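These figures come from a predicted structure and were not determined experimentally. Note: hydrogens, waters and symmetry copies are ignored here, and every other heavy atom, side chains too, is used. Whatever order the structure lists them in is the order used to number ligands and atoms, beginning at 1.
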Amino acid sequence: MLLDETPLFEASLLEELDWSSSAASFSPPISASSPGDDLVLRPLCMADFNRGYFKVLSQLTKAGDVTPEQFTKKFEHMKKTGDYYVVVVEDTNLAQIVATATLMTEHKFIHSCAKRGRVEDVVVSDMCRGKQLGKLLVSTLTLLSKKLNCYKITLECAPQNVAFYQKCGYDPSSETYMQCRFFD
Ligand code: 16G
């Protein structure tokens with residue numbers, strides 16, 4: 001099975017963000033184009049399946065025993081819809097994914113047929129914590145959602161992560177997150 005380097009979305013989208021409007025600050029300074037030594041921030045590609053992408057996801061929740069075929073099918077679906085923006089940070093020395101986050105854009109009739117952004121599946125590998133990568137990924141996707149004309153962007157998180165997302169410019173909502181769970 002060919003797992004190639006085709007990106008899930010156009011990488012140039014990440015180069016055209018307005019960082020002057022970002023709520024986050026970085027010390028020491030890092031950016032999407034310079035995330036740190038031997039690190040690259042870019043869209044997910046199929047070859048990342050062999051660079052430990054699922055190993056990183058499994059630090060967030062049950063990622064499952066996914067085959068290359070299942071991964072490819074899902075990747076192609078996401079690419080075709082054009083509504084999924086999965087970003088990764090790769091340690092180029094190790095050829096391993098060390099962090100990831102997803103922006104999903106949801107189409108609405110309300111707000112004059114607007115789009116809503118959702119931040120999902122934010123995870124930084126435990127061996128790479130403390131490098132501001134989570135904040136960098138969330139800030140990147142937040143700016144991207146603005147650029148894509150989303151009228152708002154939301155996320156769900158554990159109570160202990162509220163302070164982290166506040167540093168990225170998010171405020172707790174007066175609405176409550178509810179769910180109906182069918183399986184784990
Ligand atoms: C967190 C994630 C959510 C992810 C879920 C997985 C963020 C901001 N939130 O809520 O995106 O899908 O955990 O947990 O990353 P689950 O397996 O219990 O659904």
Side-chain angles (χ1 to χ4, degrees), residues 8-9 13-14 17 21-26 30 32 35 39 41-45 48-49 51-67 70-71 73-75 77-79 81-91 96-108 115-148 150-184:
L8 183 61
F9 64 95
L13 277 174
L14 300 177
L17 303 176
S21 68
S22 177
S25 56
F26 296 92
I30 55 166
L39 299 176
L41 190 161
R42 57 167 176 75
L44 178 76
C45 68
D48 292 332
F49 182 82
R51 296 187 184 112
Y53 178 57
F54 273 79
K55 211 170 132 198
V56 176
L57 285 179
S58 67
Q59 292 187 33
L60 174 71
T61 188
K62 190 174 162 185
D65 201 6
V66 171
T67 64
Q70 286 174 308
F71 175 73
K73 205 170 159 201
K74 187 66 79 173
F75 184 99
H77 171 78
M78 289 181 173
K79 192 169 168 72
T81 68
D83 291 320
Y84 291 85
Y85 301 85
V86 183
V87 284
V88 295
V89 176
E90 181 189 352
D91 181 321
Q96 286 293 303
I97 302 305
V98 294
T100 181
T102 296
L103 164 67
M104 202 214 124
T105 57
E106 179 186 345
H107 295 266
K108 299 278 197 181
K115 283 185 289 186
R116 168 190 180 157
R118 293 180 184 271
V119 178
E120 294 282 351
D121 304 334
V122 179
V123 49
V124 178
S125 159
D126 47 16
M127 64 177 219
C128 252
R129 304 240 165 104
K131 295 185 173 183
Q132 310 179 91
L133 296 179
K135 193 162 60 170
L136 183 64
L137 287 174
V138 174
S139 303
T140 300
L141 295 184
T142 307
L143 294 176
L144 180 57
S145 72
K146 205 170 162 191
K147 185 181 162 63
L148 296 170
C150 292
Y151 82 99
K152 71 175 182 182
I153 180 161
T154 63
L155 58 87
E156 292 102 42
C157 70
Q160 66 266 24
N161 293 332
V162 167
F164 164 74
Y165 286 108
Q166 283 180 310
K167 283 185 208 146
C168 301
Y170 289 72
D171 288 317
S173 161
S174 57
E175 294 196 335
T176 301
Y177 166 61
M178 296 177 72
Q179 66 171 341
C180 198
R181 199 155 186 131
F182 301 111
F183 59 86
D184 276 321

Nearest-contact summary for atom 3 (C) of ligand 1 - protein heavy atom, Å: Glu120 OE1, 3.4 Å
Ligand 1 versus Gln179: contacting region, heavy-atom distance under 4.0 Å: neither
Shortest non-hydrogen separation from Val138 to Thr142 and the atoms involved: O-OG1, 2.6 Å
Smallest separation among heavy atoms of Phe26 and Gln132, with atom names: CA-OE1, 3.2 Å
Nitrogen or oxygen atoms of Leu60 and ligand 1 under 3.5 Å apart: no
Part of Thr61 within contact of ligand 1 (heavy atoms, under 4.0 Å): side chain
Geometric class of the Tyr170/Tyr165 ring pair [parallel <30°, tilted 30-60°, perpendicular >60°]: perpendicular
Pairing of Arg42 and Asp48 as salt bridge, 4.0 angstrom limit: yes
Passing option when Ile97 is tested against Val56, Leu44, Val89 for side-chain contact (heavy atoms from CB on, under 4.5 Å): Val56
From Asp121, Val119, Thr102, Asn161 - option closest to atom 12 (O) of ligand 1 by heavy atom: Asp121
Selected option - heavy-atom contact closest to atom 9 (N) of ligand 1, from Arg118, Arg181, Glu156: Glu156
Short side-chain donor-acceptor distance under 3.5 Å, Thr105 and Tyr84: no
Protein contact of atom 15 (O) of ligand 1 - nearest heavy atom, named by residue and atom, plus distance: Val122 N, 2.9 Å
Backbone or side-chain N or O of Lys62 under 3.5 Å from ligand 1 N or O: no
